[in-house]
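Worksheet: the structure to be examined is printed underneath.
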Amino acid sequence: MAEPKVLVVVLAGGEGRRLAPLTTDRAKPAVPFGGSYRIIDFVLSNFANGRYLKIVVLTQYKSHSLDRHISQTWRFSTLLGNYVTPVPAQMRRGPQWFSGSADAIYQNLNLISDERPDIVCVFGADHIYHMDPRQMVEHHIAVGAGVTVAAIPVAREEASQFGIIQASDAGKIIAFHEKPADPPPMPGDATRALASMGNYVFDTQTLIDIVSPTGTDDIATDIGGDVIPMLTRAGVAHMYDFSTNVIPGQAEPERGYWRDVGSLDAYYEANMDLIAPVPPFSLYNREWPVYSLQLPLPPAKIDHGPGGERPAIDHSLLCAGSIVSGGTVERSILGPETYVDASAIVSESILLHGVRVGPGARLYRCVIDKNVEVPAGRSIGHDAEADRAEFVVSDRGVVVVEKDRKLS
């Protein structure tokens, strides 16, 4: 059997309000992650490793940073007809934004008709995971589905944030609930529910038909809220068990790792997963690398401070161009060109590009956005009342300082 022609559509137009202030000036998929990457790099790397190399990225809100990152980083061989291209809202139905993910597909059906694929993969851009999309496509073809939805168990108390799947033993979806207040549990496990990962594989004609208005039915504007329930009722929706996906070089404890980083706490905790003694998600798998823009920066440097202060680094990631000059960094991530001065203590924190921490400053459970200078002796993350008066503080107490903030 010939390999199917596959077009990838990555949905990257979300506003990302729950990640503010990290999304004040950038789209959610463009938010830095793990020091060296952007969130969108993970889904694009999965498709690059899987050799699905015709990819369109649908953008909308605050897309400049994302567009620039894609154009600088994601270049395939045009000789072979491969590409990653950002596509802004085309407003083909009039002067209006996309009204949902299905409407975004409908407004860009010309991209599908130009490519004429057999299969369309529609994936979200704001999740952290490794996945071989070829295995999901193979499963989709084998079961003869119109749409296949990637699924993963989640704690039932968190399940109202997701689309929840009820499926037969054969994997056919028999009910789909978009963000239900009372999520139905998985069979045999009352503590968990089966959630949609926001990754879909469609037969091309099924996708075109379901997102195209007919004049007699309500217009499908959202994939999770409209399209999947409609295709479930039509009997052509199946689920794909993400836990069966096998990645070359992946350690067994990493199997099934997937994180939605749509909130500040989820974003912070997924970053912290990277620096665990045995990380549940590894960036070091050379058989399934995560690709991103590699800036021409010097190696990280660790040195004594100007007064002879000894540096101390523990369970941390230090990116290219970062310098620790007599400071202490513990359980933290230092992005490119960050600087930690003498006697400063950075603990359980994430510093994005260009952050400078002055002598004797103390940071605890912070996310400091790019180009912020923390003055000498300044303390952030140690006084909850003072922090809430000046900064955004997450539900679980993570202090977030917005980019370019001038601190005193």
Side-chain angles (χ1 to χ4, degrees), residues 1-13 27 29-30 32-34 36-60 63-90 104-105 108-141 150 199-204 207 245-250 282-297 320 336:
M1 179 179 176
E3 286 287 324
K5 291 181 61 178
V6 175
L7 175 68
V8 177
V9 178
V10 175
L11 300 173
F33 185 87
S36 298
Y37 310 94
R38 305 289 186 114
I39 293 174
I40 196 172
D41 289 329
F42 294 86
V43 65
L44 294 180
S45 294
N46 286 330
F47 282 107
N49 288 316
R51 310 306 296 170
Y52 290 159
L53 304 178
K54 298 179 187 295
I55 305 173
V56 295
V57 180
L58 304 188
T59 65
Q60 183 160 253
S63 62
H64 171 68
S65 178
L66 179 59
D67 293 342
R68 184 178 61 186
H69 176 70
I70 293 172
S71 64
Q72 289 179 320
T73 308
W74 288 96
R75 297 184 178 183
F76 295 155
S77 171
T78 56
L79 180 67
L80 302 178
N82 301 322
Y83 54 85
V84 179
T85 184
V87 180
Q90 301 294 293
I105 299 293
N108 287 282
L109 285 180
N110 62 299
L111 304 175
I112 296 174
S113 61
D114 289 347
E115 197 60 53
R116 301 175 66 184
D118 304 305
I119 299 291
V120 181
C121 295
V122 180
F123 277 46
D126 49 7
H127 305 130
I128 306 300
Y129 64 111
H130 291 314
M131 178 183 185
D132 183 352
R134 294 170 299 191
Q135 296 169 31
M136 185 174 174
V137 169
E138 290 167 1
H139 175 84
H140 171 84
I141 294 171
N199 295 344
Y200 313 98
V201 174
F202 287 90
D203 275 352
T204 299
L207 178 61
N245 199 263
V246 179
I247 299 298
Q250 186 177 59
S282 175
L283 300 172
Y284 299 93
N285 184 351
R286 297 180 66 178
E287 296 183 57
W288 201 266
V290 182
Y291 300 102
S292 191
L293 177 65
Q294 301 300 318
L295 297 169
L297 296 173

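The basis for the numbers below is simple: all heavy atoms, side chains too, and nothing from hydrogens, waters or symmetry mates.
- Here Ser292 contributes atom OG and Leu283 contributes atom CG; the two are 11.0 Å apart, rounded to the nearest 0.5 Å.
- The structure places CG of Asn108 at 10.5 Å from OG of Ser113, a figure rounded to the nearest 0.5 Å.
- In this structure, the side chains of Trp288 and Gln250 stay at 4.5 Å or more apart for every pair of heavy atoms.
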_Step-by-step side chain to side chain donor-acceptor pair (under 3.5 Å) determination, Tyr129 to Asn199_ = CA-CA 12 Å; Tyr129 64 111; Asn199 295 344; 3.2 Å; yes

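- Nearest heavy atom pair, residue Val43 against residue Ala125, reads CG1-CA, 4.1 Å.
- Here the side chains of Asp67 and Val57 are not in contact, with every heavy-atom distance at 4.5 Å or above.
- Counting heavy atoms from C-beta on, the side chains of Pro4 and Val137 come closer than 4.5 Å.
- Using a 4.5 Å cut-off on side-chain heavy atoms (C-beta onward), Val122 and Leu11 make contact.
- Rounding to the nearest 0.5 angstrom, the gap separating the CG atom in Leu207 from the CD1 atom in Ile112 is 5.0 Å.
- Checking Asp41 against Ser45 by side-chain atom types alone, no donor-acceptor pair falls below 3.5 Å.
- Formation of a donor-acceptor pair under 3.5 Å by the Thr59 side chain with backbone atoms of Ala12 is not found in this model.
- Taking all atoms of both residues into account, the shortest heavy-atom contact from Phe123 to Met131 is CE2-SD, 4.0 Å.
- Looking at heavy atoms from C-beta onward, His130 lies in side-chain contact with Val290 at the 4.5 angstrom threshold.
- Considering all non-hydrogen atoms of both residues, Gly249 and Asn285 come closest at C-ND2, 3.3 Å.
- We find the CZ-CG distance between Arg51 and Leu53 to be 5.0 Å, quoted to the nearest 0.5 Å.
- For the 3.5 Å distance criterion, the side chains of Ser65 and Arg38 qualify, holding a donor opposite an acceptor.
- Under the ring-ring contact (aromatic ring centres under 6.0 Å, His included) criterion, Tyr52 pairs with no residue at all, not counting sequence neighbours.
- Using cut-offs of 30° and 60° for the angle between ring planes, the Tyr200 and Phe202 rings count as tilted.
- Using a 4.5 Å heavy-atom cutoff, the side chains of Pro29 and His69 are not in contact.
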*Take Val6 and Asp118 through the side-chain contact (heavy atoms from CB on, under 4.5 Å) test and state the conclusion after the steps.*
CA-CA 6 Å; Val6 175; Asp118 304 305; over 6 Å; no

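- Using a 4.5 Å heavy-atom threshold, the side chains of Ile70 and Val84 count as touching.
- A distance of 9.0 Å separates CD1 of Ile55 from OH of Tyr83, quoted to the nearest 0.5 Å.
- Residue pairs satisfying the salt bridge (Lys or Arg N to Asp or Glu O under 4.0 Å) criterion with at least one member in residues 121-141, sequence neighbours excluded, are listed as follows: Lys28-Asp126, Asp132-Arg134.
- Between Ile119 and Lys5 there is no side-chain heavy-atom pair separated by less than 4.5 Å.
- Partner of Val56 under the side chain to side chain contact (heavy atoms under 4.5 Å, CB included) criterion, out of Val10, Thr85, Val8: Thr85 alone.
- A distance of 6.0 Å separates CG in Leu7 from CD in Glu115, rounded to the nearest 0.5 Å.
- Between the side chains of His140 and Asp203, at least one donor-acceptor pair of N or O atoms lies under 3.5 Å.
- For an aromatic pair to be called close, the ring centres must be under 6.0 Å apart, and Tyr291 with Tyr37 fails this.
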